[in-house]
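Note sheet for the following structure.
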Protein chains: 2
Amino acid sequence: MHKMNSKNKTFIDKLRSSGLRPTNQRVEISKFLFNRKKTFHFTVEELKNSMNLKRSKKISTATFYNTVHALKSAGYLKEFSLENNTSYYDTNIKSHHHFFDNGKVIDIKSDKITFQKLPDAPKGKKIKNVEVVIRLENNN
Amino acid sequence: MHKMNSKNKTFIDKLRSSGLRPTNQRVEISKFLFNRKKTFHFTVEELKNSMNLKRSKKISTATFYNTVHALKSAGYLKEFSLENNTSYYDTNIKSHHHFFDNGKVIDIKSDKITFQKLPDAPKGKKIKNVEVVIRLENNN
DNA sequence: TAACTACTTTATAATTATTCTAAAGTATGT
DNA sequence: ACATACTTTAGAATAATTATAAAGTAGTTA
Ligand SMILES: [Mn+2]
Ligand SMILES: [Mn+2]
Ligand SMILES: [Zn+2]
Ligand SMILES: [Zn+2]
């Protein structure tokens with residue numbers, strides 16, 4: 001028994017177009033991920049904790065993992081890594097750059113960085129994308 | 001009871017200067033890591049397997065982890081991440097760039113990439129380093 | 001609407017990478 | 001050679017993730 005407003009329509013389409021039944025859990029997760037103005041960078045554990053905190057009926061860990069993987073396979077999420085052993089996900093699926101500031105991740109739009117010189121791909125290979133990480137530290 | 005040639009001297013100094021006693025295990029690992037012409041990128045598990053394969057007396061997993069961490073803390077190794085949840089280490093400790101080609105990592109010297117435009121650091125922050133990953137795919 | 005079936009969720013077990021623990025072994029100074 | 005602090009090691013513990021399989025639900029279809 002759940003209501004459905006026009007806002008949710010988008011997510012339902014996103015899910016259906018990925019061959020995923022728009023179950024309650026999936027719609028809720030999609031809403032949480034995509035219904036925001038700024039890019040969202042997260043781990044599955046963070047996603048689970050922040051969503052389940054507010055819910056009486058918790059969504060299971062497995063469903064968070066399943067849904068994030070499905071959305072990634074469908075091309076709605078991008079995976080990346082910091083230097084620990086946890087997967088991060090990015091709601092910005094376009095090729096782009098990042099500031100890394102002590103575990104905090106900030107997007108840099110692709111056109112904010114341009115190259116003067118870039119190496120050629122080794123023979124038999126071609127460049128798929130070029131992504132830059134700018135690591136930050138505090139002044140002084 | 002172990003012999004010691006002049007080749008090992010370097011590694012012993014490296015270890016001593018890091019406050020580490022040059023035990024047999026640490027010297028062997030250092031030799032394996034640093035006694036090569038090209039940069040070496042590896043996971044602890046890979047290191048352990050390739051070294052222990054050739055040895056009758058195996059070095060323990062804990063010692064591989066301990067030694068790699070110690071060498072990293074001493075500044076002789078750099079840690080980085082691909083998009084799985086495993087730590088990689090790099091014997092090239094200078095800031096530099098990489099090609100990523102299906103799990104294979106290739107160094108790009110810093111001066112092979114130069115920038116035309118780079119964003120400013122957010123206020124209160126400064127740039128520590130800028131590293132580029134060029135992802136490759138096969139032609140056609 | 002009832003029934004059917006394939007897909008989904010979930011609790012729980014398993015796996016992988018890594019770290020911790022504490023006992024036995026070793027390097028270094030005296 | 002002795003003492004002592006540092007090291008190695010097997011094995012237990014932890015964290016992130018994936019697998020399993022039983023119970024539940026969505027999208028048909030009758
Ligand atoms: Mn881990
Ligand atoms: Mn893992
Ligand atoms: Zn991003
Ligand atoms: Zn490198």
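First the proteins, then the strands, lettered A, B, ... as listed; each starts at 1.
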Review point. Among C:dA11, D:dT9, C:dT9, which is the nearest nucleotide to the side chain of B:Thr63?
Key: D:dT9
Review point. Just checking A:Lys58: base, sugar-phosphate only, or nothing, at a heavy-atom cut-off of under 4.0 Å?
Key: sugar-phosphate
Review point. Taking CD1 from A:Ile29 and P from C:dT8, how many angstroms apart are they, rounded to a whole number?
Key: 13 Å
Revision key, fill the gap. To the nearest angstrom, the CG-P distance between B:Asn24 and C:dG25 comes to 16 Å
Check your understanding: In terms of side-chain heavy atoms of A:Ser60, which of D:dT25, C:dT10, C:dT26 is nearest?
Key -> C:dT10
Practice item. Check every atom of C:dT26, D:dT18, C:dT8 against the side chain of B:Arg21 and return the nucleotide holding the closest atom. Key: C:dT26
Check your understanding: So, is B:Thr23 near the phosphate of D:dT8, with a side-chain N or O under 4.0 Å from OP1 or OP2?
Key -> yes
Practice item. Looking only at side-chain atoms of A:His69, point me to the closest of C:dT10, D:dT18, D:dA10. Key: D:dT18
Practice item. From the options C:dT9, C:dT8, C:dA27, select the nucleotide whose nearest atom is closest to the side chain of A:Gln25. Key: C:dT9
Check your understanding: Of the nucleotides D:dT9, C:dA17, C:dT10, which has the atom closest to the B:Tyr65 side chain?
Key -> C:dA17
Exercise for review: Report yes if the side chains of A:Glu131 and B:Phe100 come closer than 4.5 Å at any heavy-atom pair, otherwise no.
Suggested key: no
Review point. Taking atom types as modelled, is there a side-chain donor on B:Ser60 or B:Tyr65 under 3.5 Å from an acceptor on the other?
Key: no
Review point. With respect to the side chain of A:Ile59, which nucleotide from D:dT8, C:dT10, C:dT28 is positioned closest?
Key: C:dT10
Review point. Between B:Asn49 (CG) and C:dT16 (C1'), how many Å, whole number?
Key: 13 Å
Review point. Which nucleotide in the list C:dT18, C:dT9, D:dT9 gets nearest to the side chain of A:Asn85?
Key: C:dT18
**Study point:** Per B:Thr86 side chain, nearest of listed nucleotides C:dA11, D:dA10, C:dT18
**Key:** C:dT18
Practice item. Round to a whole Å and report the spacing from CG of B:Leu20 to C1' of D:dA5. Key: 14 Å
Practice item. Round to a whole Å and report the spacing from CD of A:Glu46 to P of D:dA16. Key: 10 Å
**Study point:** 5'-most by nearest nucleotide on DNA chain C - B:Arg16 or B:Glu45
**Key:** B:Glu45
Review point. Pick one: which of B:Lys38, B:His41, B:His97 meets side chain to side chain donor-acceptor pair (under 3.5 Å) with B:Asp107?
Key: B:His41
Review point. Taking the side chain of A:Arg26 as heavy atoms from C-beta outward, which of C:dT8, D:dA19, D:dT7 is closest to it?
Key: C:dT8
Practice item. Go through the steps for B:Lys48 and B:Glu45 under the test side chain to side chain contact (heavy atoms under 4.5 Å, CB included), then give the verdict. Key: CA-CA 5 Å; B:Lys48 184 186 94 179; B:Glu45 206 58 25; 3.3 Å; yes
Exercise for review: Could you check whether B:Ser87 gets within reach of a base, just the sugar-phosphate, or nothing at all, counting any heavy atom under 4.0 Å?
Suggested key: sugar-phosphate
Check your understanding: Angle class for the B:Phe40/B:Phe32 ring planes (parallel below 30°, perpendicular above 60°, tilted otherwise)?
Key -> perpendicular
Practice item. Remember a base hit wins even if backbone is also touched, and classify B:Lys48 as base, sugar-phosphate or nothing at under 4.0 Å, heavy atoms. Key: nothing
